[in-house]
Trainee: 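Encoded as structure tokens, here's the structure I'll be asking about.
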Amino acid sequence: MKQSFYDLNYSDLEMVISQNDLNHSAASVLFNWHYKKKEPAQCVDKIAKLSLAFFENKFDFSLPEIDTVHESKEDRTVKFLFKLKDQHKVETVLIPFHNKYSICLSSQVGCAMNCSFCFTGKQGLKRNLTTSEIVGQFLQAWRWLAKNRPGEERILNIVFMGQGEPLHNFDAVKKACEIFLSKHGTSIGVQKITISTAGYIPGLKRWSEEIPGVNLALSLHSPFEEKRNELIPINKKYPLDEVLETIDKIPLNKKQFITYEYILIKDFNDSPDDAEKLGTILAGKSAYINLIPFNSFPGSHYKRPDLDKIEKFKEILDTFKIPTLIRTAKGDDVLAACGQLNSKS
Ligand code: SAH
């Protein structure tokens, strides 16, 4: 089977070119052509025929196939179900804000973390996605926008908050980030990419050296180890205090902070005590808290707290002077919100 062109970062591409004695200018032309154009245009005149023939013979340029598209009637969120070569399916979500979009990418088919509140975890881990399958979600969604919502094809933020634990598929996610960041490629700003983790310490340890500048979000969900064990089973192996210690060692630049995500579940982790303890452990850190009222899915037994309880929780955090945002669910009507992704149409 041919290797996918979209598995190559810029230096891999330069290496292929030099090893095969092709004209070195082909690297930037090819990257520009594939990552900066909204449509797969023909660009034959700018590249030597020899180089073009070489790549067409040796590499696969196909992208994940769009299986179904669900457009939210409420808020223009778009959920894509992609079919991969081996028939596995993954989901990607475009989240609108002011006629621009954030894209929520999947990093694995299913997930091994088995968090009790997450729909994706219920399928278990099927396999890791390749770099090209990650980059491919972005390219296909972008092209879909160019075609279906012309003038709106701007994807300004990338969040790895779809299916899977991105730090459990570190190498492929890292390479996808390198392609997104490359000035020859999509040229997304380093502050515009966020990787969200359940607290997978082996990945966090590689983080600071290998993915500098990209933002990190931790799914915290409870400041109490016992409760967190119940929500996020890997907490038993990588407990929260060790996770926080590891994150504290990651050097941040001046404007950077870590996002701490906190799902609010009715009568489970939404009491004033929970908020006090959360505030206590995060006070003084370069932190930003995202409160995510639980999104239900078929078969889930958790519930979302009432709005006044959510607001009370935030008020307590405010006393710790930690910037806190209550995240409103988008795409709820098409099961595209956090934790609702499950590879089914
Ligand atoms: N594995 C990564 C990224 C995927 S989940 C992680 O754990 O961070 C992205 C975010 O959605 C996480 O904060 C996750 O905890 C949250 N989430 C999962 N299921 C949810 C649900 N049912 N309701 C609200 N948020 C959910």
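We count ligands from 1, going down the list as the structure has it; atoms in each ligand are counted the same way. Everything numeric here is computed off the predicted structure, so don't read it as measured data.
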Trainee: Kindly say whether the aromatic ring centers of His70 and Phe80 come within a distance under 6.0 Å.
Mentor: no

Trainee: Going by the closest heavy atom to atom 4 (C) of ligand 1, which one wins out of Ser116, Ala112, Gly162?
Mentor: Gly162

Trainee: Looking at ligand 1, would Met113 count as a contact under a 4.0 Å heavy-atom criterion?
Mentor: no

Trainee: What do you reckon, are the aromatic ring centroids of Tyr200 and Phe170 less than 6.0 Å apart?
Mentor: no

Trainee: Phe117 to ligand 1: N or O pair under 3.5 Å?
Mentor: yes

Trainee: May I ask you to identify, for Asn295, whether its side chain, its backbone, both or neither come under 4.0 Å of ligand 1 on a heavy-atom basis?
Mentor: both

Trainee: Atoms of ligand 1 less than 4.0 Å from Cys118 heavy atoms?
Mentor: 18 (C), 19 (N)

Trainee: Do the ring planes of Tyr302 and Phe268 sit parallel (below 30°), tilted (30 to 60°) or perpendicular (above 60°)?
Mentor: tilted

Trainee: Is the shortest distance from a Lys or Arg side-chain nitrogen in Asp7 or Lys175 to a carboxylate oxygen in the other one below 4.0 Å?
Mentor: no

Trainee: Where on Thr197 is there a heavy atom closer than 4.0 Å to ligand 1, on the side chain, on the backbone, on both, or on neither?
Mentor: backbone

Trainee: With heavy atoms of Ser219 as the reference, note each atom of ligand 1 found under 4.0 Å away.
Mentor: 6 (C), 7 (O), 8 (O), 12 (C), 13 (O), 14 (C), 15 (O)

Trainee: Below 4.0 Å from any atom of ligand 1, is there a heavy atom belonging to Cys111?
Mentor: no

Trainee: Given His221, Glu261, Gln108, which one has a non-hydrogen atom that is nearest to atom 15 (O) of ligand 1?
Mentor: His221

Trainee: Just jot down the ligand 1 atoms closer than 4.0 angstrom to any heavy atom of Ala198, in number order.
Mentor: 6 (C), 7 (O), 8 (O)

Trainee: For a quick test of reading the model, state the closest non-hydrogen atom pair linking Leu22 to Ser51 and the distance between them.
Mentor: CB-OG, 3.9 Å

Trainee: Would you please indicate if the ring centroids of Tyr260 and Tyr288 are separated by under 6.0 Å?
Mentor: no

Trainee: Taking only heavy atoms of Ile292, which atoms of ligand 1 are found under 4.0 Å from at least one of them?
Mentor: 24 (C), 25 (N)

Trainee: In sequence, state the C-alpha distance, the side-chain angles, and the governing distance for Glu261 and His221, and then conclude on side chain to side chain donor-acceptor pair (under 3.5 Å).
Mentor: CA-CA 7 Å; Glu261 295 160 289; His221 305 337; over 6 Å; no

Trainee: Salt-bridge test for Asp60 and Lys85: reply yes if a basic N is under 4.0 Å from a carboxylate O, no otherwise.
Mentor: yes

Trainee: Below 3.5 Å, N or O to N or O, backbone or side chain included: is there any such pair between Arg327 and ligand 1?
Mentor: no

Trainee: Does the ring center of His184 lie less than 6.0 Å from the ring center of Tyr35?
Mentor: no

Trainee: Near Gly164, which atoms of ligand 1 are under 4.0 Å from a heavy atom of that residue?
Mentor: 1 (N), 2 (C), 3 (C), 4 (C)

